[in-house]
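Lettering of chains follows the sequences in order, A, B, ..., and the numbering in each one begins at 1. Quick caveat: nothing in here was measured; it's all calculated off a predicted structure.
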Amino acid sequence: MLQVSYIRDNREQVLERLAVKNFKQPELVNEVIELDRNVRSTKIYLEKIQMQMNATSKLIGELMRSGKIEEAEAIKTGVTELPGITSLKKLKDISKDESEKLAAIEEELYQKLVLMPNLPHSSVPKGLTPEENEVVLENGDKPNLPENALPHWELATKYNLIDFELGVKITGAGFPVYKNKGAKLQRALINYFIDEAEKAGYSEVSVPLMVNEASGFGTGQLPDKEGQMYFVGEDKLFLIPTAEVPVTNIYRDVILKGEDLPVKNCGHTPCFRREAGSYGAHVRGLNRLHQFDKVEIVQIAHPDKSYETLELMSLHVQGLLQNLGLPYRVLRLCGGDMGFASALTYDMETWSAAQQRWLEVSSVSNFETFQSNRLKLRFRNAEGKTQLPHTLNGSALALPRIVATLLENNQTEKGIKIPEVLVPYTKFEWID
RNA sequence: GGUGAGGUGCCUGAGAGGCCGAAAGGAUCAGUUUGCUAAACUGACGUACGGGAAACUGUACCGAGGGUUCGAAUCCCUCCCUCACCGCCA
C-alpha cells in the first residue's frame with residue numbers, strides 16, 4: 001500500500017509512475033489527495049471537540065469531589081454555560097457526528113488506496129505484455145539435442161520419475177506424484193538450494209503452510225488475489241501461494257533495530273496455487289502446477305541499500321543456475337507484466353531445450369515500502385525515528401521447472417546426467 | 001471435542017470508574033563512580049496521527065467492536081485469540 005503522505009507530496013510523479021504500470025484509474029490519485037485533505041481537516045476539528053470534552057469532564061470531576069454537585073449537574077445538562085465551556089451534551093453530539101463522518105471518509109480513502117499498485121522503479125520499461133519485458137542478459141549455451149529428444153513429461157514416464165496420472169487419482173490435475181529418483185532429485189535440489197542460501201548468509205526458517213487473513217493482507221495477496229489461493233473455509237485459513245507470505249509476515253508489527261538490517265531469511269515450502277483458468281498444452285507436465293516446492297529468499301533492507309540488495313539476490317539466483325549448468329536469461333519486467341506490489345522485478349528463465357521455450361524459474365522483486373507499510377514493519381533509523389524498510393524476495397529456486405529443464409537438457413543416449421554440484425545430494429550420477 | 005484461566009508497554013507484572021499513557025522490577029541507551037570485568041548511583045526510555053522553527057503540545061490507543069457514564073484499562077454485551085488440564089492423536 002502506498003503512503004498517503006507520499007502521494008500528497010509527489011502527485012505528479014505518482015501519476016507518471018502509475019502510467020508506466022498502465023494503471024487504469026489515475027483519477028484515484030486526485031481522489032485520494034482530496035479525501036486525505038478531508039480526513040485531516042475533520043480530524044483537526046474532532047480533536048478540538050474532544051479536547052473540550054476532556055477538559056469539561058475533568059472540571060466536573062473536580063467540582064463533584066469538592067462537593068459542588070449542583071454546579072457540576074448544570075454543566076452536565078447544559079443548563080448553565082460557564083465562560084468558554086460549551087455544554088457537554090452539545091459537544092457529545094458533535095463528536096459523535098464527526099467521528100462517524102471521519103470513519104466514513106477514512107474507509108473511502110482506504111478503499112481507494114488498496115486499489116493502487118506499487119510505483120515502478122525508474123528503470124522499469126514501459127510496456128503491456130511479456131513480449132515487452134527487457135532482456136537484461138542471457139547466459140549459458142543452449143544444448144543441441146538430437147531429433148528424437150523427449151519433453152520432460154515423457155522422460156518422467158520413461159524413467160519412472162513422476163506419475164501425473166496417479167496425482168490425478170489422488171487429488172486432481174496439477175498434483176504430480178514424484179517417485180524413485182524423481183523424488184530424490186527433488187529433495188536433493190531443495191537441500192542444495194537451502195545450503196547455498198545459508199552460505200550466502202540467509203538463515204533458514206520453517207514456517208506454517210497455512211496463513212490467516214492478516215498475513216495474506218500483509219504481503220498483498222489479499223484482497224486483490226483472493227481467487228489464486230486455496231481457502232480452508234472451516235478455519236478461515238489460506239494455503240500459502242509462496243513462502244514469501246509466512247516468512248515476511250514473521251516481521252508484521254515489528255520494529256527492528258537499525259543494526260538488525262539487513263534481515264535475511266530463506267525457507268523451503270510447498271506452494272499452492274489455484275491457477276484458475278489455466279489449461280492447455282503450455283501447462284503440460286511440470287510447466288504449471290497447483291502444488292509445487294520452492295526455496296524462497298527474503299530480505300528486509302535499509303531503503304538506501306535495497307536496490308543493491310536486489311542485484312545481489314539476482315546474482316545469487318543466477319549463480320545457482322550457472323552451477324546447475326542451465327542456460328538462462330534475466331528479464332526486467334515491463335510495467336504491464338509486473339506484480340501489483342512490486343517496484344522492480346527480475347524474472348529468471350531457463351531454456352527448456354526439448355520444448356524450445358523459456359521457462360520462468362525465479363522472480364526476484366523489490367517491494368520497497370509497499371509491503372512494510374501494510375505489515376506495519378518498521379526499523380529505527382539513525383535519528384531514532386521509526387521508518388519503513390524495504391522488503392525483497394525471490395525464488396531460489398522454484399523446483400518443477402528446474403527439474404523439467406534438467407531432465408530435458410541433460411538427456412543422453414545412456415540416460416539423464418545429474419549436474420556435478422548435485423551428486424553429493426542425490427548420491428547418484430545418472431538417471432537411467 | 002470438554003472444562004477452566006487469561007489477553008496491559010521490549011519482557012515480567014500491578015492497577016478494579018476521574019489524580020492512569022499507565023506503579024514496580026528486569027532489559028536497553030546515556031552519564032557518574034571504580035585500575036579492568038562486574039557492581040552501584042543518576043537520568044532517558046511506547047505507537048500513530050496532527051499543530052509548532054523549536055522547546056513543547058493536542059488527540060487516539062491497555063486483544064477487536066459496541067454499550068453504560070459528565071468521565072472507562074477498570075462496569076456490561078458480542079466477537080477474536082492465547083494458555084492450562086482432560087479426551088483423541090503424528
*Can you tell me the pairing partner of B:C36 across any strand shown, Watson-Crick or G-U wobble, with both distances under 3.5 angstrom?*
none
*If pairing requires Watson-Crick or G-U wobble contacts with both distances under 3.5 Å, which nucleotide is the partner of B:C29?*
B:G43
_Measuring only the C1' atom in each nucleotide, how far is B:G52 from B:G58? A whole number of Å is fine._
11 Å
*asked:* Tell me if a side-chain donor or acceptor on A:R401 pairs with a main-chain N or O of A:E360 at a distance below 3.5 Å.
replied: yes
*Please determine, by modelled atom types, if A:T219 and A:E244 share a side-chain donor-acceptor pair under 3.5 angstrom.*
no
_Could you tell me how far apart A:Y251 (OH) and B:C10 (P) are, to the nearest whole angstrom?_
18 Å
_Under 3.5 Å on both distances, the Watson-Crick or G-U partner of B:A64_ = B:U78
*Does A:R332 count as lying over the ring of A:Y346, i.e. NZ or CZ under 6.0 Å from the six-ring centre, within 45 degrees of the axis?*
no
*asked:* If you go through the side-chain atoms of A:E47, does one of them form a donor-acceptor pair with the base of B:G58 closer than 3.5 Å?
replied: yes
Measure all distances between protein nitrogen or oxygen atoms and nitrogen or oxygen atoms of nucleotides 60-69 of chain B, and list the pairs falling under 3.5 Å.
none

*How close or far is atom P of B:A48 from atom CG of A:D253, stated in whole angstroms?*
12 Å
*Mind checking who B:A72 pairs with, Watson-Crick or G-U wobble, both distances under 3.5 Å?*
none
*asked:* Let's see if you get this right: which residues in residues 102-113 of chain A place a heavy atom under 4.0 Å from RNA chain B?
replied: none
_Rounded to whole Å, please give me the gap between NZ in A:K48 and C1' in B:C49._
16 Å
*asked:* With a 6.0 Å cut-off (strictly less than), is the heavy-atom count around CE of A:M53, excluding the residue itself, greater than 12?
replied: yes
_Please compare A:K236 and A:Q387 by the position of their nearest nucleotide in RNA chain B and report the one closer to 5'._
A:Q387
_Run the side chain to side chain contact (heavy atoms under 4.5 Å, CB included) test on A:L321 and A:I402 for me, step by step, so that the C-alpha distance in whole Å, both residues' side-chain angles and the decisive distance to 0.1 Å come before the verdict._
CA-CA 9 Å; A:L321 294 169; A:I402 292 291; 3.8 Å; yes
*Starting from P on B:A72, measure out to NZ on A:K58 and report it in whole angstrom.*
14 Å
*If you measure from the C1' atom in B:U8 to the same atom in B:A72, how many Å do you get, rounded?*
14 Å
*Hunt down the Watson-Crick or G-U wobble partner of B:A84, both distances under 3.5 Å, from any strand shown, or write none.*
B:U3
*asked:* Taking NZ in A:K48 as the centre, count heavy atoms belonging to other residues, nucleotides or ligands within less than 6.0 Å. Is the count above 12?
replied: no
*For atom NZ of A:K184, decide whether the heavy atoms of other residues, nucleotides or ligands shown that lie under 6.0 angstrom number more than 12.*
no
*Rounded to the nearest 0.5 Å, how far apart are CG of A:L397 and CZ of A:F193?*
4.0 Å
*Is A:K181 positioned over the aromatic face of A:F428, cation under 6.0 angstrom from the ring centre and no more than 45 degrees off axis?*
yes
_Pairwise distance CD(A:E98) to OG(A:S95) - rounded to 0.5 angstrom_ = 8.5 Å
*Check the distance between B:C10's P and A:L256's CG and give it to me in whole angstrom.*
13 Å
*asked:* Taking B:G67 as the reference, what is the distance to B:C61 when you measure between their P atoms (whole Å, please)?
replied: 13 Å
*When the distance from CG of A:D93 to P of B:C70 is rounded to whole Å, what number comes out?*
13 Å
_Touch class at under 4.0 angstrom, heavy-atom based, for A:M64 against every strand present_ = base
I'd like a list of close polar pairs between nucleotides 45-47 of chain B and the protein, N/O only, cut-off under 3.5 Å.
from, atom 1, to, atom 2, distance (Å)
B:U47, OP1, A:R380, NH1, 2.9
B:U47, OP1, A:R380, NH2, 2.7
B:U47, O3', A:R378, NH1, 3.1

*Looking for any heavy atom pair under 4.0 Å, which part of the strands does A:R8 touch: base, sugar-phosphate only, or nothing?*
sugar-phosphate
_Heavy-atom pair of closest approach, residues A:G220 and A:K225_ = O-NZ, 4.2 Å
_Work out how far the P atom of B:U47 is from that of B:A38, and round it to whole angstrom._
28 Å
_Euclidean distance for P, B:A73 against B:G1 (whole angstrom)_ = 35 Å
*Taking all non-hydrogen atoms of both residues into account, name the closest pair between A:A301 and A:T309 and its distance.*
CB-OG1, 3.9 Å
*Spacing of the C1' atoms in B:G25 and B:G9 (rounded, Å)*: 14 Å
_Please find the pair of heavy atoms, one from A:P223 and one from A:F217, that lie closest to each other, and give the distance._
CD-CD1, 4.3 Å
*With C1' as the reference atom in both, quote the distance from B:G7 to B:G63 in angstrom, rounded to an integer.*
6 Å
*Check the distance between B:C70's C1' and A:E62's CD and give it to me in whole angstrom.*
13 Å
*P spacing across the pair B:C79 / B:A60, given as an integer number of angstrom*: 28 Å
*Take atom CE of A:M53 and atom P of B:C70, then tell me their distance rounded to the nearest Å.*
11 Å
*CG of A:L46 to OG1 of A:T42: how many Å apart, nearest 0.5 Å?*
8.5 Å
*Please give the nucleotide sitting opposite B:A22 as a Watson-Crick or G-U wobble pair, both distances under 3.5 Å, or none.*
none
